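Below is one structure, written out as structure tokens, with a few remarks after it.
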Amino acid sequence: MSKTTLTTSAGAPVADDNNSISVGNRGPLTFDNHYLFEKLAHFNRERIPERVVHARGTAAYGTFTVTKSLKDHTIADFLQEVGQQTEVFLRFSTVGGGQDSSDYARDPRGFSVKFYTKEGNWDMVGNNTPVFFLNDPIKFPDFIHSQKKDPRTNLPNPANAFEFWANHPQSLHQMTILMSDRGIPLSYRHVHGFSSHTLSFYNAKGERFWCKWHFKTNQGIKTLTNDEAAKMPAFGAQQDLVNAIDRGEFPSWKVEVQIMTEDEAKNYHINPFDLTKIWPYKDFPVIEIGRLELNKNVNNYFAETEQVAFAPSNFVPGIAASPDKMLQGRLLAYQDAHRYRIGANYNQIPVNAPKCPVNHYQRDGAFAGTGCPVGHSSGEANYTNAASHIAASNFYPNDRAADGAPVPTPRVAAPPMPVLESAWIGYHSQDEEDYYTQAGDLFRIMNDDQKAQLFGNIAGGLSQANESIQQRMLAIFAKADPAYSAGVAKALGL
Ligand code: HEM
């Protein structure tokens with residue numbers, strides 16, 4: 001006999017969970033089956049919309065430890081002292097597939113880290129690649145549509161993907177990484193993570209520095225070929241991570257940053273805010289600043305991994321945005337997605353709730369709780385203690401600062417963002433950017449086997465596109481390196 005009483009969701013003991021109440025053995029059910037109705041109604045509501053991208057993922061908790069202070073560059077509270085530790089939650093994902101798609105798609109891997117700092121949550125929502133397919137957010141829905149299933153057949157359609165790429169040379173660098181031998185990671189433990197975007201640090205003197213974040217796997221990069229991936233169980237990467245952590249084999253990453261001053265950015269020959277480009281290490285060497293380890297699995301996949309809400313706009317004092325156009329688009333997109341997917345009070349769910357006091361004047365909405373961290377918005381403002389409701393206020397400014405009403409902190413303001421002198425507001429085409437040199441450089445450091453894999457992987461999909469698309473892709477490859485184009489042409493049998 002169990003010591004635990006089965007109850008309704010309102011806490012009342014349940015008499016029978018095997019039989020509905022009915023009129024005799026052979027008769028219909030009656031209207032007093034309220035427990036049955038509750039059970040069926042809740043079941044109907046078990047799903048929330050899956051993420052429109054990065055739907056398939058897995059996550060774990062861990063620890064970030066500072067190994068080099070960044071005090072000179074940033075006031076970020078969690079980056080000040082060597083040895084300082086911050087709890088993190090890291091979600092890995094594939095991009096294009098649905099919740100139950102395979103872990104072994106040839107697809108970038110999402111690498112999202114939530115740092116629960118003492119001054120709020122900082123979310124680093126990156127990928128396992130240092131660049132992206134695009135440099136203007138207006139193209140994002142088109143790009144994703146071209147990679148997802150075809151709207152008529154609901155089947156994968158590589159011709160659509162190449163049709164997009166043939167019209168967007170800006171995708172060449174990231175596409176070359178995707179089609180290379182690195183395109184299918186063996187597991188989430190064997191990927192790097194990158195902010196990809198340029199972000200910024202600012203210090204106590206109000207100086208701003210541009211920076212990029214890199215997380216280098218201590219497990220080493222390990223990848224699969226298409227044939228090897230086809231033999232893997234669909235959810236193998238998720239199982240690999242869960243099992244490794246359960247065994248006490250905690251995966252870890254070396255954390256590095258690249259830093260560029262505002263003056264260096266002005267004169268640098270590469271646009272430092274173009275997400276299709278890296279900053280070569282020889283110009284901006286990586287600086288090791290920490291170690292990230294994953295050491296605890298989730299208890300409830302839905303509550304934690306499915307409901308976690310990462311947002312590139314979740315900055316903390318000392319870390320801010322950059323003029324990167326793609327980043328700017330993402331600053332809006334994610335919170336909007338969270339409100340749709342989870343609801344207005346998504347930050348009150350434990351996995352999203354900051355581990356520091358939360359005080360604001362936002363109120364109410366679906367599922368607003370009471371009492372920190374699950375609620376700062378019902379009958380009382382959350383800065384009151386239970387005994388002094390008199391001090392509560394739901395508006396700012398007010399006359400109650402002395403009673404503990406929250407007030408802004410001017411010292412955390414980011415320095416003004418520089419813009420180009422005499423910049424004009426309008427549609428600015430980026431078609432004249434150089435999208436070929438870095439892709440060509442990557443191609444040229446590949447060995448023969450890697451090049452052969454690249455040609456074969458591209459030809460696999462490109463062979464399904466029409467001749468016009470093939471010819472335009474070959475012209476794009478040729479601008480990166482004639483041997484790149486020739487190799488793909490040969491693999492296509494042209
Ligand atoms: C303008 C361009 C982009 C838009 C509009 C966009 C939009 C979105 C949206 C709506 C989601 C789902 C969020 C949710 O429901 O919780 C998402 C997830 C994600 N995106 Fe983006 N995205 C963009 C570019 C990027 C880039 C450049 C990266 C990487 C450098 C990236 C990495 C991710 C990751 C890792 C996730 C999964 C977050 C998680 O684990 O919950 N996205 N994106």
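One-based numbering, in listed order, for ligands and for the atoms of each. Small disclaimer: the values here were computed from a predicted structure and weren't measured. In this chain, residues are counted from 1 in sequence order.
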Among side-chain atoms of [X] and [Y], is any donor-acceptor pair under 3.5 angstrom?
{"X": "Asp77", "Y": "Thr117", "value": "no"}
{"X": "Gln174", "Y": "Thr129", "value": "yes"}
{"X": "Tyr268", "Y": "Asp283", "value": "yes"}
{"X": "Lys212", "Y": "Ser195", "value": "no"}

Atom indices of ligand 1 within 4.0 angstrom of [X] heavy atoms, with elements:
{"X": "Val52", "value": "10 (C)"}
{"X": "Arg51", "value": "14 (C), 15 (O), 16 (O), 39 (C), 41 (O)"}
{"X": "Leu275", "value": "27 (C)"}

Report task. Work out how many protein N, O or S atoms lie closer to atom 21 (Fe) of ligand 1 than 2.8 Å. Result -> 1
Is the closest N or O pair between [X] and ligand 1 shorter than 3.5 Å?
{"X": "His338", "answer": "yes"}
{"X": "Arg341", "answer": "yes"}
{"X": "Ser112", "answer": "yes"}

Report task. Tell me which part of Asp336 gets within contact of ligand 1: side chain, backbone, both or neither, using heavy atoms under 4.0 Å. Result -> neither
Requested in this report: Mark yes or no: Lys296 above the aromatic ring of Tyr61, with NZ or CZ under 6.0 Å from the six-membered ring centre and no more than 45 degrees from the axis.
Outcome: yes
Query raised in the report: Cation-pi between Lys451 and Phe443: NZ/CZ under 6.0 Å from ring centre and within 45° of the ring axis?
Result: yes
Report task. Step through it carefully: locate the ring centre of Phe310, locate the ring centre of His54, and say whether they are under 6.0 Å apart. Result -> no
Query - Phe133/Phe164 aromatic ring centres below 6.0 Å - result: no
How far is [atom] from its nearest protein heavy atom, and which residue and atom name does that atom have?
{"atom": "atom 1 (C) of ligand 1", "value": "Pro137 CB, 3.3 Å"}
{"atom": "atom 39 (C) of ligand 1", "value": "Arg91 NH1, 3.1 Å"}
{"atom": "atom 30 (C) of ligand 1", "value": "Ser196 OG, 3.5 Å"}
{"atom": "atom 29 (C) of ligand 1", "value": "Asn127 ND2, 3.2 Å"}

Query raised in the report: Checking side-chain hydrogen bond (donor to acceptor under 3.5 Å, both in side chains) for the pair Asp324/Ser322: CA distance, chi angles, key distance, verdict?
Result: CA-CA 5 Å; Asp324 178 334; Ser322 79; 5.0 Å; no
Requested in this report: Give a yes or no on whether the backbone of Pro354 and the side-chain of Tyr116 come within a donor-acceptor separation of less than 3.5 Å.
Outcome: no
**Report entry** Qualifying residues under salt bridge (charged side-chain N to carboxylate O under 4.0 Å, His left out), relative to Arg208, sequence neighbours excluded
**Finding:** Glu262
Requested in this report: Over 60° means perpendicular and under 30° means parallel, so classify the ring planes of Trp253 and Phe111, tilted if in between.
Outcome: perpendicular
Query raised in the report: Is there a heavy atom in Gly126 that sits closer than 4.0 Å to ligand 1?
Result: yes
